[in-house]
K.L.:
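Dumping the structure here so I can ask a few things about it.
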Amino acid sequence: MSIDLSLHSSSVGPALLGAVVHGPNGSGRIVEVEAYGGTEDAASHACRGVTPRTEPMFGPPGVLYVYFIYGMYHCANVVTGPAGDGQAVLIRAIEPNEVTEAMRTARPTIRRDEDLTNGPGKLCAALGIDRSHDGLNLLHTDSSVRLVIDEPVAPAEIETSTRIGISVAQERPWRWYLRDNAWVSKPR
DNA sequence: CCGCCGATCTTT
DNA sequence: AAGATCGGCGGG
């Protein structure tokens with residue numbers, strides 16, 4: 001591993017661009033992320049401290065935090081920072097290494113390949129990630145969901161913006177994505 | 001308990 | 001622009 005996941009999520013976030021996520025249905029490189037802080041970040045699930053749902057967020061860096069949202073979708077996060085802090089990086093979009101039949105079966109109604117994984121709920125559905133994977137170690141080679149961090153992308157390729165879909169702490173510029181990448185999520 | 005609403009996506 | 005769909009969390 002070439003980056004230190006125990007650093008703050010706002011440092012780890014951009015460093016995770018280009019890393020490869022492997023799930024039950026396939027794999028892809030991360031092209032878009034958002035950082036969430038611990039209890040001091042009002043937009044983070046960790047802002048109210050440890051609850052049954054957020055307990056994995058307060059584990060050691062490298063843990064997977066999967067939450068269920070809008071009654072329908074799952075979102076996947078990489079826990080960062082020191083254990084006990086509750087920081088995480090939301091994986092918002094990936095570019096598949098290869099579009100597999102399992103990914104197409106998991107998202108049968110898409111019109112273009114990009115719609116398989118160009119959003120946090122979409123990529124979890126495509127890769128087959130759900131709450132059963134919550135809390136596992138992303139760095140362990142035996143895990144059914146894992147993270148392979150190779151070379152970082154060139155800083156010149158990285159674009160920054162504010163976070164999407166939140167109603168508080170909207171000013172923090174904690175979203176990063178690869179410029180001109182077709183798999184980055186589309187504005188609503 | 002009860003009610004609100006969310007780190008979303010699809011359809012109209 | 002609104003609907004789908006449900007669990008987590010706060011308030012009473």
Side-chain angles (χ1 to χ4, degrees), chain A residues 5 8-14 16-17 19 21 23 25 28 30-59 61 63-81 85-96 99 103-135 138 145 147 159-177 182-188:
Chain A
L5 294 178
H8 193 269
S9 58
S10 59
S11 298
V12 175
L16 282 178
L17 293 173
V21 184
N25 294 344
I30 298 174
V31 299
E32 177 182 351
V33 296
E34 282 175 0
Y36 287 85
T39 51
E40 82 292 345
D41 180 5
S44 172
H45 291 174
C47 72
R48 301 177 200 284
V50 181
T51 68
R53 179 179 62 153
T54 63
E55 186 263 326
M57 295 185 85
F58 292 85
V63 161
L64 175 68
Y65 168 54
V66 180
Y67 65 88
F68 184 60
I69 189 68
Y70 296 113
M72 242 170 290
Y73 302 106
H74 297 272
C75 295
N77 297 256
V78 181
V79 172
T80 79
D85 261 37
Q87 301 171 30
V89 172
L90 171 66
I91 303 171
R92 287 198 53 91
I94 65 168
E95 175 176 353
V99 173
M103 291 167 66
R104 291 197 189 283
T105 301
R107 285 184 54 71
T109 64
I110 57 142
R111 302 177 83 81
R112 336 188 294 298
D113 280 356
E114 286 84 350
D115 293 327
L116 280 170
T117 58
N118 62 352
K122 297 176 189 179
L123 75 89
C124 281
L127 292 185
I129 299 172
D130 60 35
R131 292 269 299 157
S132 72
H133 307 287
D134 186 40
L138 285 165
V145 182
L147 189 62
E159 207 71 50
T160 304
S161 82
T162 54
R163 297 177 290 185
I164 292 177
I166 55 174
S167 57
V168 293
Q170 297 177 358
E171 69 290 343
R172 296 191 185 198
W174 280 3
R175 171 175 176 254
W176 299 271
Y177 58 96
W183 302 79
V184 169
S185 71
K186 297 290 183 283
R188 303 226 43 82

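Because the structure is a prediction, the values reported are computed rather than measured. Labels below follow one simple rule: chain letters A, B, ... track the order of the sequence lines, proteins then strands, and each chain is numbered from 1.
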K.L.:
Run through DNA chain B and report every stem of 3 or more consecutive Watson-Crick or G-U pairs, distances under 3.5 Å, ordered by first number.
P.N.:
B:4-6 with C:6-8, B:8-11 with C:1-4
K.L.:
Among residues 41-51 of chain A, which contact DNA chain C at a heavy-atom distance under 4.0 Å?
P.N.:
Arg48(A), Thr51(A)
K.L.:
Sequence neighbours excluded and cut-off under 3.5 Å, please list the side-chain donor-acceptor pairs for residues 63-71 of chain A, or say none.
P.N.:
residue: Tyr65(A); atom: OH; partner: His45(A); partner atom: ND1; Å: 2.8

K.L.:
May I ask you to decide if Tyr36(A)'s main-chain N or O and Ser9(A)'s side chain share a donor-acceptor pair within less than 3.5 Å?
P.N.:
yes
K.L.:
For the side chain to side chain contact (heavy atoms under 4.5 Å, CB included) test, which of Ser10(A), Pro14(A), Ser161(A) pairs with Trp174(A)?
P.N.:
Ser10(A)
K.L.:
Of all nucleotides in DNA chain C with an atom under 4.0 Å from a non-hydrogen atom of chain A, which is the first and which the last going 5' to 3'?
P.N.:
dA4(C) to dG10(C)
K.L.:
Only counting residues at least two apart or in another chain, list the ones meeting side-chain contact (heavy atoms from CB on, under 4.5 Å) with Glu55(A).
P.N.:
Val50(A)
K.L.:
Side chains of Val79(A) and Leu5(A), heavy atoms from C-beta outward: is any pair under 4.5 Å?
P.N.:
no
K.L.:
Checking Arg163(A) now: which residues fulfil salt bridge (Lys or Arg N to Asp or Glu O under 4.0 Å) with it, not counting sequence neighbours?
P.N.:
Asp41(A)
K.L.:
My understanding is that only residues two or more places apart in sequence, or in another chain, count here; which of them pass salt bridge (Lys or Arg N to Asp or Glu O under 4.0 Å) with Arg112(A)?
P.N.:
Asp115(A)
K.L.:
Listing time: all N or O pairs from protein to nucleotides 8-12 of chain B that are below 3.5 Å?
P.N.:
residue: dT8(B); atom: OP1; partner: Arg92(A); partner atom: NH1; Å: 3.2
residue: dT8(B); atom: O3'; partner: Gly121(A); partner atom: N; Å: 3.4
residue: dC9(B); atom: OP1; partner: Pro120(A); partner atom: N; Å: 3.1
residue: dC9(B); atom: OP1; partner: Gly121(A); partner atom: N; Å: 2.6
residue: dC9(B); atom: OP1; partner: Lys122(A); partner atom: N; Å: 2.9
residue: dC9(B); atom: O4'; partner: Tyr73(A); partner atom: OH; Å: 3.3
residue: dT10(B); atom: OP1; partner: Arg107(A); partner atom: NH1; Å: 3.0
residue: dT10(B); atom: OP1; partner: Arg107(A); partner atom: NH2; Å: 2.5
residue: dT10(B); atom: O4; partner: Arg188(A); partner atom: NH2; Å: 2.3

K.L.:
Checking Arg48(A) now: which residues fulfil salt bridge (Lys or Arg N to Asp or Glu O under 4.0 Å) with it, not counting sequence neighbours?
P.N.:
none
K.L.:
Could you work out, with side-chain contact (heavy atoms from CB on, under 4.5 Å) as the rule, every residue matching Pro96(A), not counting sequence neighbours?
P.N.:
Val99(A), Met103(A), Thr117(A), Trp183(A)
K.L.:
Can you name the residues that form a salt bridge (Lys or Arg N to Asp or Glu O under 4.0 Å) with Glu40(A), not counting sequence neighbours?
P.N.:
none
K.L.:
Output side-chain donor-acceptor pairs under 3.5 Å for residues 120-130 of chain A, partner residues at least two apart or in another chain, one line each.
P.N.:
residue: Lys122(A); atom: NZ; partner: Asn118(A); partner atom: OD1; Å: 2.8
residue: Asp130(A); atom: OD1; partner: Ser132(A); partner atom: N; Å: 2.8
residue: Asp130(A); atom: OD1; partner: Ser132(A); partner atom: OG; Å: 2.5

